[in-house]
Amino acid sequence: MPPQRRLPGPRAVGWPLALLLACGEPAAPAPLSAPKLLERYRLELPLPEALQPSIQRASAQWASLADREQVLLGRYRRGPEAKVLLELGVLYSQAEKSDLALTCLAAAAAEPQYLTEACAWSSVARFTAGELAEARLLAEHALGLDPKQGIAAAVLGRVALRQGDRELARTQLRRAADLLPTDGNLALEAAELAEERGELELAGRLLERPLRQDPNHPALLYRLAQVREAQGLVLEAEALRQRHERAVLIDDLGLRAGGQPPDVVACSLGVHFDEQGQPAKAYPEFQAARARTRDRELLATCLAGVAHSGAQIGQAAEARRALEELRVLAPDHPMLAQIEAAFRKHGLDPE
């Protein structure tokens, strides 16, 4: 009987093979934690010796961001403090410059007092770059540190929506909208998910809150009109549609992006309608601006508009009063001759 053959021991095959036989499949790497992710960003995206301006002035909104960048870079050159780096990271996250944002935020996160906010805004940068798993990890960590971190809740809700988890998306976007009640985009997202469940009253409340801060937000007005119509509130829905139409024009004229005050907005609309030969639309805008403004030059424009448009739509008494006030306030106003001509054309005595 031939001798039994025995498997060689560890010394015969060498330690690497012995370990492989002992362990089987190699263990999967442990998932990164949010702090380790931030450490990886610090290594992969180190701070340069100097940061250069990178935001282009493509619109009024981008010009505002570019101005803020210049201010922060000035502070950064005087000393790259963690607070300045955090503010730069937030700015670059808003400007959708993900790598620059992570460079600044990862450096700021080394200071414990800035870790939560740095995590939250890093999640924004990762979401913008399409890195959903990392965005979710960072957002969850920020919320674990501070359950009232609205930015992190918004990112977690948006990641959940992309991943098809509408229930988590609904919970987190509602949470974010409550924590950041002036954010119109969040309100729109949360309201849409509320509408899906037939929660029309909730959807309306979500949309109304940011409208108090930004009453000329076209998308909010349009959506709220749809909600009110679905509730059977026909007259309110029609009023909201009219406000939406006006808001679209304000946006088209660049008045909303510029953050103009209500009197300037109304007067500018009055001028637009007057020039377009729509005195019936111009008149109430001029009247609204006239009642609000304390600026002498703007008041003169409003009085001229009331007189000119009022004469054309049969508001004779109000038009005459406005003309008299205009002659006292600005006796050399360039529209006086045009207004007097409009009076005569419509059978009114300008004197």
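Numbers for residues simply follow the sequence, beginning at 1.
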**Salt bridge Asp178-Arg209, side-chain N to carboxylate O under 4.0 Å** = yes
**Request:** Kindly compute the distance separating CG (Leu51) from SG (Cys104), expressed to the nearest 0.5 Å.
**Result:** 5.0 Å
**Prompt:** Which pair of non-hydrogen atoms, one from Pro218 and one from Ala247, has the smallest distance, and what is that distance?
**Reply:** CG-O, 4.0 Å
**Pairing of Asp214 and Arg256 as salt bridge, 4.0 angstrom limit** = yes
**Request:** Look at Arg321 together with Glu318 and state whether they make a salt bridge at an N to O cut-off of under 4.0 Å.
**Result:** yes
**Request:** Scan residues 106-124 for pairs that pass salt bridge (charged side-chain N to carboxylate O under 4.0 Å, His left out), counting only residues two or more places apart or in two chains.
**Result:** none
**SB check Arg57 Asp67 (cutoff 4.0 Å)** = yes
**Message:** Check Glu285 with Lys281, please: is the shortest side-chain N to carboxylate O separation under 4.0 Å?
**Reply:** no
**Minimum-distance pair of heavy atoms, taken over all atoms of Leu45 and Asp99** = CD1-O, 4.0 Å
**Complete:** So CG of Leu85 and OH of Tyr92: to nearest 0.5 Å the spacing works out to 10.5 Å
**Prompt:** If you measure from the Lys or Arg side-chain nitrogens to the Asp or Glu carboxylate oxygens, is any gap between Lys83 and Glu87 under 4.0 Å?
**Reply:** yes
**Sidechain N-carboxylate O distance under 4.0 Å for Arg197, Glu167** = yes
**Item:** salt_bridge(Glu208, Arg205) N-O dist < 4.0 Å
**Value:** no
**Expected output: side-chain Gln172 to main-chain Ala160 donor-acceptor under 3.5 Å** = no
**Request:** Would you check, one step at a time, whether the test side chain to side chain contact (heavy atoms under 4.5 Å, CB included) holds for Ile151 with Leu180?
**Result:** CA-CA 8 Å; Ile151 295 297; Leu180 302 168; 3.9 Å; yes
**Item:** Salt bridge Glu199-Arg174, side-chain N to carboxylate O under 4.0 Å
**Value:** no
